[in-house]
There are 2 protein chains.
Amino acid sequence: MAPAAGNVAHMSEAVIDDEVAVLLDAVDQRYTTGRRRLVAALQEGVGPLTINEISATDENLPQSSIYRNLAVLEEAGVVTRIVTNDDFARYELAEKLTAHHHHHLICTACGIVVDFELDGRVERTLDQALAGAAKEAGFTPMDHRLDLLGLCRDCQ
Amino acid sequence: MAPAAGNVAHMSEAVIDDEVAVLLDAVDQRYTTGRRRLVAALQEGVGPLTINEISATDENLPQSSIYRNLAVLEEAGVVTRIVTNDDFARYELAEKLTAHHHHHLICTACGIVVDFELDGRVERTLDQALAGAAKEAGFTPMDHRLDLLGLCRDCQ
DNA sequence: ACCTGAAATGAGAATGATTGCCATTTTAAA
DNA sequence: TTTAAAATGGCAATCATTCTCATTTCAGGT
Ligand SMILES: [Zn+2]
Ligand SMILES: [Zn+2]
Ligand SMILES: [Zn+2]
Ligand SMILES: [Zn+2]
């Protein structure tokens, strides 16, 4: 369930865990220990994490399992894969689970990715405009992705 | 120079060519035949092109030169590298040259990328909102990137 | 608590886009 | 024309990601 309006607190770990179990079950996948550790790692990250960052935070996850299980989790709608201009991907918990539609600030110098949210009014304006553009081009809109490229505090 | 307000016609090939020469000169690079062919190929593409698409349209461009010269052209600000969820990059002429700030419709099924433009009013609203978010996070905003993900006409 | 077949794991090999290397060719200026 | 620097093109190397397969874990039935 969505949190009450105005409540920006994160869904509790336990609730997220239950939701993950449901999502995995829906695609006939088990919620194994390795997958639980991945979800935990992503919950703790401040922004989307790279494979290396995940490896670093949890020594017990072999690389091949990280890749395979992130693919499974993405298929189940538990995580989202994020591609920037760096040559490796990043992963974060799906918005469905965090209940926060958000966007990314990307530092073009060091590659760090930070989450941020837009005002609801702006989001709505945007969605309308995108729906119009999609219609003109014969596209069926599913989602949008908005990144701000710039320099982070440390790279000015 | 930017075209007159309301004029959405493309900058002529000759003008673009001159501008490319200037941009390359600014970073001490020559405007060679191979680089001219790349610019021509990108001008003809309906959207951002992959390396393979460029190879296909111009048989006289060896792959290693395509990669090397696209990197040079990107460095000079002539082309923009676009990364989607496919595992290969796409390139298009920089907005500086086409004089059209635009965004992308990306088909999540077949990967095709199509350009579209947003209403100026929406762009301004967006820029304001992004500037605010950037300030809060200590970022210096440079540019934004907005994609609509969905299904193209052929993949519905 | 045992079976038993299916799913998951982990170590390493294979893949494939991209980058690096270097001998040869082209360019621009003297 | 000479000459040094820049560019080229074929191919090797890199490296994130995917694949393979032998072993382990799991769930369900007994
Ligand atoms: Zn930075
Ligand atoms: Zn995020
Ligand atoms: Zn499509
Ligand atoms: Zn474009």
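In what follows, chains are A, B, ... by sequence order, proteins preceding strands, each numbered from 1. Just so you know, these numbers use all the heavy atoms, side chains as well, and skip hydrogens, waters and symmetry mates.
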What pairs of residues pass the salt bridge (Lys or Arg N to Asp or Glu O under 4.0 Å) test when at least one of them lies in residues 48-64 of chain B, not counting sequence neighbours?
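As it turns out, the salt bridge (Lys or Arg N to Asp or Glu O under 4.0 Å) pairs with a partner in residues 48-64 of chain B, which skip direct neighbours, are B:Arg37-B:Asp58.
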
Any salt bridge (Lys or Arg N to Asp or Glu O under 4.0 Å) pairs touching residues 143-156 of chain B, not counting sequence neighbours?
A:Arg145-B:Asp147, A:Asp147-B:Arg145

Any chance you could pull the hydrophobic cluster mates of [X], using side-chain heavy atoms under 4.5 angstrom and chaining through other members?
X: B:Leu149; answer: B:Ile106, B:Val113
X: A:Ile82; answer: none
X: A:Phe88; answer: none

Once you round it to whole Å, what is the distance between [atom2] of [N] and [atom1] of [X]?
X: B:Asp86; N: D:dT17; atom1: CG; atom2: C1'; answer: 15 Å
X: A:Arg37; N: D:dT25; atom1: CZ; atom2: P; answer: 13 Å
X: B:Ile51; N: C:dT19; atom1: CD1; atom2: C1'; answer: 12 Å
X: A:Tyr31; N: C:dA7; atom1: OH; atom2: C1'; answer: 18 Å
X: A:Leu61; N: C:dA11; atom1: CG; atom2: C1'; answer: 15 Å
X: B:Asn85; N: C:dA17; atom1: CG; atom2: C1'; answer: 16 Å
X: B:Asp25; N: D:dA7; atom1: CG; atom2: P; answer: 12 Å
X: B:Leu24; N: D:dA7; atom1: CG; atom2: C1'; answer: 13 Å

Which pairs pass side chain to side chain donor-acceptor pair (under 3.5 Å) with one or both residues in residues 62-77 of chain A, sequence neighbours excluded?
A:Arg35-A:Asn69

Please list, chain by chain and in numerical order, all residues satisfying side chain to side chain donor-acceptor pair (under 3.5 Å) with A:Glu95, sequence neighbours excluded.
A:His101

Upstream residue (5' side of DNA chain C) when A:Gln29 and B:Arg81 are each assigned their closest nucleotide
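Result of the comparison: A:Gln29.
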
Supply the atom-to-atom distance B:Arg90 CZ to B:Thr80 OG1, rounded to the nearest 0.5 angstrom.
14.5 Å

What's the spacing between B:Leu146 CG and B:Leu105 CG if we round to 0.5 Å?
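Those atoms lie 9.5 Å apart.
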
Among all residues two or more places apart in sequence or in another chain, which pass the side chain to side chain contact (heavy atoms under 4.5 Å, CB included) test with B:Val22?
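None.
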
Report each atom pair, protein N/O against N/O of nucleotides 25-30 of chain C, whose distance is under 3.5 angstrom.
none

Please output the side-chain donor-acceptor pairs of residues 125-139 of chain A that fall under 3.5 Å, not counting sequence neighbours, one pair per line with the distance.
unit_1, atom_1, unit_2, atom_2, d
A:Thr125, OG1, A:Arg121, O, 3.0
A:Asp127, OD1, A:His144, ND1, 3.2

To the nearest 10 degrees, what angle separates the axes at the start and end of the helix from C:dA1-D:dT30 to C:dA30-D:dT1, five pairs each?
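End-to-end axis angle: 30°.
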
For DNA chain C, which residues in residues 63-73 of chain A have a heavy atom at a distance below 4.0 Å?
A:Ser64, A:Ser65, A:Arg68, A:Asn69

